[in-house]
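Step one of this worksheet: look at the structure below.
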Amino acid sequence: MGVTSIKDLAGILKRRKWSIALPAAGIFVVAAVIAFTLPPVYRSESTILIEDQEVPRDFVSTTVTTYADQRLQTINQRIMGTTKLLDIINRFSLYPELKNKWTTEEIIAKLRKDIKFKTISADVIDPRSGQPRPATIAFSLSYDGKNPQLVQRVANDLASLYLEENLSVRSRQSQGTTKFMEDEMKSVQVQLSEADGKISSYKQRNLNSLPELAQVNLQSLDSTEREMVNLNYQLRSLKEKESSIESQLATIPTDAGSQDKARLNELRVHLGDLKSRFTDEHPDVVKTRNELAELSKQLRASGKDSADSKPDNVAYITLSSQLASIRSEITSAKRQIETFKKKTDELRHRIAATPGVEEGYKNILIHRNNLQQKFDDLSKKFMEAKVSSGLEKEQKGERFTLIDAARLPEKPIKPSVPAILILGLILGIGCGAGLAAINEQSDDTVRIPEVLSRATSYPVLAAIPKIVTWQEVDTMKIKRKRALAGAICLLLVSPLVVHFAIIDLDVFWARLLRVMTRI
């Protein structure tokens with residue numbers, strides 16, 4: 001039967017009042033019990049600000065190059081690890097009611113769920129590009145629990161862990177960078193020492209062929225060649241003098257009365273000249289020696305001066321002395337020429353070897369210069385790393401600052417009693433209306449003459465009103481009394497059921513008063 005007027009709707013509400021009221025009342029009561037029996041959950045939150053370093057980056061550059069977001073995720077993973085969370089659970093004796101029911105992993109998962117981590121971002125100017133970009137400037141940490149004091153302690157401990165872990169991470173990164181730079185610098189220093197040793201050894205092996213001595217060697221070669229030219233010229237002059245004196249000696253007798261002595265002296269001079277140029281086995285030397293011996297024998301046989309007698313002609317003696325001096329100078333000049341020849345050959349060998357030595361020396365020197373450049377670069381970076389490490393020790397770099405410490409929560413975040421009650425009321429009314437609609441649709445009773453006339457196509461001649469007998473009145477009274485007695489029993493029994501089965505009435509009353517006070 002359709003609803004065509006407010007009168008029809010009022011009739012349905014009157015007929016189905018218990019179908020609507022009972023489900024609505026029951027669901028509302030259940031919602032009220034749930035709202036007032038659920039344990040309150042408190043939340044305590046800390047806010048930490050990410051501050052930039054105090055010293056300008058133009059003066060001191062930090063060795064911690066990771067972004068705050070990345071470092072926060074790293075710190076978060078470390079603190080949310082099993083070891084850290086288990087330590088928090090043991091220190092604060094969290095979830096004692098779950099230790100005999102849940103496994104350790106489940107309890108740790110419960111703690112992870114109760115910890116809330118939220119970042120706070122804002123647009124900042126990127127110093128590299130000069131463009132605004134979103135960056136994390138702060139983050140908040142909160143913990144949900146049933147005990148307000150314990151919630152505050154855990155939230156503060158979490159904030160301390162994040163602050164300490166950030167300092168530890170930055171310190172480790174800074175010290176690690178400094179240690180790495182120091183080790184690399186020492187390694188390069190050892191390589192520099194080895195390169196210097198190689199250069200020293202190479203110089204010792206090629207002492208006279210080094211590139212820096214090439215000009216000296218060329219100048220020495222030029223000077224030596226000029227000296228050789230002068231010596232050759234001097235040697236020719238001496239030989240000419242020697243020939244001239246020998247010619248003069250040949251014409252001068254050794255004494256005034258003996259041609260044989262002159263001949264003897266001439267042979268002696270000639271023999272000396274031959275010995276200076278040839279060996280004793282040379283034919284000319286042998287011939288001259290034999291002739292000298294024969295002439296000496298004749299002189300001794302004739303009774304004249306012996307072969308060993310000294311000449312007494314002054315002019316002859318003077319020329320002989322000059323000849324001996326010139327021959328000595330010739331011998332010296334020849335020795336000098338030979339020495340200069342050896343020196344020239346040696347200098348030419350040095351000059352020829354210089355390009356190869358220069359190439360090898362240049363390779364070693366380039367390697368050494370590269371090492372020196374690397375060492376200087378590492379030294380500069382090592383000093384910057386030490387300054388950066390000092391910056392981190394003094395906590396002058398980028399740091400986390402606690403700007404809002406966890407406070408003692410005064411109001412639980414859940415359950416929301418008004419929301420639960422309103423939801424229970426709406427759900428109860430909806431369920432009652434639905435039940436009433438189902439009952440109404442399944443009821444085929446005809447209560448209005450017009451409906452009967454439309455259903456049968458016949459006119460209704462008369463309508464008999466409802467006749468209520470005294471038996472029905474008594475029965476209705478009995479039902480009302482029973483309903484009233486049942487309601488009274490329900491009101492009396494419900495507190496006992498709630499007290500022994502659900503929650504202690506004193507606790508329930510205290511929570512109710514606290515909720516009513518907040519409302």
Side-chain angles (χ1 to χ4, degrees), residues 53 55-67 70-71 126-130 169-229 339-393 396-398:
Q53 67 180 48
V55 182
R57 298 183 184 273
D58 294 337
F59 297 137
V60 179
S61 59
T62 179
T63 55
V64 183
T65 58
T66 55
Y67 290 106
Q70 181 181 354
R71 195 164 62 257
D126 190 350
R128 300 175 183 174
S129 61
V169 167
R170 295 185 66 89
S171 178
R172 282 199 304 270
Q173 290 183 358
S174 177
Q175 292 177 3
T177 303
T178 305
K179 184 66 169 58
F180 173 76
M181 290 297 176
E182 185 177 9
D183 293 342
E184 284 294 307
M185 190 173 64
K186 289 181 179 179
S187 175
V188 174
Q189 195 171 19
V190 171
Q191 295 179 27
L192 269 176
S193 300
E194 293 177 353
D196 289 337
K198 290 180 180 179
I199 291 176
S200 177
S201 176
Y202 191 82
K203 283 185 175 182
Q204 290 178 359
R205 291 196 308 269
N206 305 277
L207 185 61
N208 297 317
S209 301
L210 294 174
E212 54 264 28
L213 298 178
Q215 188 63 30
V216 176
N217 289 333
L218 287 172
Q219 293 176 356
S220 298
L221 178 62
D222 184 61
S223 175
T224 303
E225 288 178 344
R226 287 198 302 268
E227 290 291 336
M228 286 183 62
V229 171
T339 301
F340 280 122
K341 280 184 178 180
K342 292 180 180 179
K343 186 176 180 181
T344 302
D345 293 339
E346 183 179 354
L347 288 171
R348 287 174 178 170
H349 176 72
R350 293 177 185 177
I351 294 171
T354 296
V357 173
E358 182 179 8
E359 184 178 358
Y361 181 72
K362 187 181 295 183
N363 292 334
I364 299 176
L365 196 61
I366 289 174
H367 178 63
R368 201 268 178 199
N369 291 338
N370 291 337
L371 288 175
Q372 183 65 47
Q373 185 177 1
K374 184 178 180 181
F375 179 78
D376 295 340
D377 187 48
L378 286 173
S379 298
K380 180 181 177 182
K381 291 181 179 179
F382 173 68
M383 295 304 298
E384 292 177 354
K386 287 189 68 175
V387 174
S388 177
S389 180
L391 189 73
E392 296 300 332
K393 287 182 180 179
K396 300 296 183 182
E398 184 184 87

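What you are looking at is a predicted structure, and each value in this text was computed from that prediction instead of being measured.
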> To the nearest 0.5 Å, how far apart are CD in Q189 and OG in S193?
Replying inline: 6.0 Å
> Looking at residues at least two apart in the chain, or sitting in another chain, which of them share a side-chain contact (heavy atoms from CB on, under 4.5 Å) with T344?
Replying inline: L221, T224, E225, M228, R348
>> With rounding to the nearest 0.5 angstrom, report the CG to CZ distance, D196 to R368.
In response: 4.5 Å
> Just by modelled atom types, is the F375 backbone N or O under 3.5 Å from a matching donor or acceptor in the S379 side chain?
Replying inline: yes
>> Looking at every non-hydrogen atom in both residues, tell me the closest pair between L371 and A195 and how far apart they are.
In response: CD1-CB, 4.1 Å
>> Treating N370 as the side-chain partner and I366 as the backbone partner, does any N or O pair qualify as donor plus acceptor under 3.5 Å?
In response: yes
> Is it true that a side-chain atom of S220 and a backbone atom of V216 form a donor plus acceptor pair closer than 3.5 Å?
Replying inline: yes
>> Could you go through S187 and Q191, starting from their C-alpha distance and side-chain angles, then the distance that decides it, and tell me whether this counts as side-chain contact (heavy atoms from CB on, under 4.5 Å)?
In response: CA-CA 6 Å; S187 175; Q191 295 179 27; 3.5 Å; yes
> Could you state the interatomic distance from CG (D376) to CD (Q372), rounded to the nearest 0.5 Å?
Replying inline: 4.5 Å
> Can you name the residues that form a salt bridge (charged side-chain N to carboxylate O under 4.0 Å, His left out) with K186, not counting sequence neighbours?
Replying inline: E182
>> Using 0.5 Å steps for rounding, measure from the CZ atom of F340 to the CG atom of D345.
In response: 13.5 Å
